[in-house]
Amino acid sequence: MQQLLHFADLFGVCVFAISGALMAGRKSLDLFGVLVIALITALGGGTLRDVVLDRHPVSWIRDESYIYAALLAALATVAWVRLTRPIPETGLLLADAFGLALFSVAGAALALEQQVPASTAVIMGVTTGVAGGILRDVLCNEIPLIFQKEIYATASLAGALVFVVLREAGAGYWAAATVAMPTILGIRLAAIRWHLALPRFHLLDRDRR
Amino acid sequence: MQQLLHFADLFGVCVFAISGALMAGRKSLDLFGVLVIALITALGGGTLRDVVLDRHPVSWIRDESYIYAALLAALATVAWVRLTRPIPETGLLLADAFGLALFSVAGAALALEQQVPASTAVIMGVTTGVAGGILRDVLCNEIPLIFQKEIYATASLAGALVFVVLREAGAGYWAAATVAMPTILGIRLAAIRWHLALPRFHLLDRDRR
Amino acid sequence: MQQLLHFADLFGVCVFAISGALMAGRKSLDLFGVLVIALITALGGGTLRDVVLDRHPVSWIRDESYIYAALLAALATVAWVRLTRPIPETGLLLADAFGLALFSVAGAALALEQQVPASTAVIMGVTTGVAGGILRDVLCNEIPLIFQKEIYATASLAGALVFVVLREAGAGYWAAATVAMPTILGIRLAAIRWHLALPRFHLLDRDRR
């Protein structure tokens, strides 16, 4: 079972590394830049979580396989694009939604193991799920995509919240994860399918200070 | 007295959360984006300080009230803007100056408690005071405001310096804070009133490397 | 010998502080902004390394001379530009290459002392060498230069890799450094001289998701 979890984690790492490599390609970075952005996208959220929770060594220092998985996924992405131009958008969005679900629940679960308050566990779930993508976008000089498109982080928040509430209510790890992960997947896939978005908060420029 | 300090801290958190929510509104983020930017603006400086000083658990994990204060302030800001368009610029600038004074002195004081050198305490005071705003601006893809407008961080630097020097010279916590906080407030309010700015350092594009 | 290392380290700090001050000048920041960007450029990479490795107190808290070296170098840069406009580009590029070589090897060496896996040591070498510059560019709202120009981080990567492989193979600290540092310097200087660059990874906008 532990091994299953590890494979799920590696799957999430690969998915986020691919999204980092694709963004780097849109910015025409060189090959090294592609690898760096892929690594940061895949491992940034978990690193931030571990450093804030004082959980050392951080995940990818404890277990090198994360690093190699991210690098391989990035190289495979470059090779794939070189060989066959078209990128399977739909498959990628689906994989990314799986990655988001896995990382958000894993982040909240790890935080709960550290005996932090429930609010912190929820925040750490969202952080693990979305911080890598935020770092990717900031490094590529874009307003983080997460703040601009259809519901994304909100799915992570909902799932992390469900997981933490169920765990605090006494549910087991697997039971809570079995409810929380489909929550994230469902919200995210519905948002993609019907272009759901939260209401925006507009402020006119004259209010500028 | 401890309780007074806690209220002052929460006041600073609220003020910075409001400034984060307003920036998010200028970028037309959605409601979740507003909350995230507000949280990062309000808690980012203190988190960075605690992580660099190895002071765990970080402030908002130790005490959940910071999180709720920031979220409430952000929601109140959105509600306020929806109901009555005009934003009380002057009141906000005043409140922000108070927040800057509180956070800078609190940051320097916390660092001194960790037995770090005086230079580190000053840097940590400024970090606590201004890093949240820097993160807010970087995430919203702007050159941090702090580097561009009238004297802001310099007020924080002056106050943190005064506080640390007085403490090292043997002054009590309250005596030092009573001098340092008005120093920050005074410099900042004078800068706003008379548009004071430090000289700029211009470098021509031909010097580009 | 220890003292020689410390001087080399301070030299690297000064070089990166100068590059930070020059970038701040291109963005017309005020004097305080120049100092902050210089400090972050010079000390950011080492701070990130120490925090991720849980190595406390971080370098510049342990030893204040780093802070003063960075501040002095930044002030000297401003004074120099005010007095005599021309900036000695070639000298600076050379100095920067030295700084990159010193920091990358020192970062990898420090990580190995913490008993981390080899892959982590290489990553920490590159992080120490380039993260300060990345932070500088992100704060100044540019796509990090490192991702855009001739081979830079790749030189750091090659040197850190050589150093770690030699150390793991049993070579002494100085022997490994004597091979690794010229590796970085050589690659970087060749890249500057002949405008060497890695192939880029282009992705068309229609692939956007």
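Quick note on labels: first sequence line is chain A, next is B, and so on, each numbered from 1. Given the structure is predicted, the values throughout are model-derived calculations rather than measurements.
Contact count against chain C (heavy-atom pairs under 4.5 Å) is highest for A:L31 among A:I37, A:V58, A:L31. Taking C:A118, C:S119, C:A111 one by one and counting their heavy-atom pairs under 4.5 Å with chain A, the maximum is reached by C:S119.
When heavy atoms are compared at a cutoff of 4.5 Å, A:V34 approaches chain C solely by way of its side chain, counted from C-beta outward. Heavy atoms of A:D50 lying under 4.5 Å from chain C are absent altogether. Proximity to chain A (any heavy atom under 4.5 Å) is restricted, for C:V138, to the side chain, taken from C-beta onward. For A:I61, the parts lying under 4.5 angstrom from a heavy atom of chain C are both the backbone and the side chain. In this structure, no portion of C:V130 lies under 4.5 Å from any heavy atom of chain A.
Between the side chains of A:T47 and A:W60, at least one donor-acceptor pair of N or O atoms lies under 3.5 Å. Using a 3.5 Å distance cut-off with no hydrogens or angles, the side chains of A:Y152 and A:D96 do pair a donor with an acceptor.
Relative ring orientation between C:F16 and C:F103 is described as tilted, the plane-to-plane angle lying within the 30° to 60° band.
Summarising the local packing, CZ of A:F98 is surrounded by 12 or fewer heavy atoms from other residues, nucleotides or ligands at distances under 6.0 Å.
Here C:H6 and C:Y66 bring their ring centres to under 6.0 angstrom of each other.
Not counting sequence neighbours, the partners of C:Y173 by the ring-ring contact (aromatic ring centres under 6.0 Å, His included) test are C:F163.
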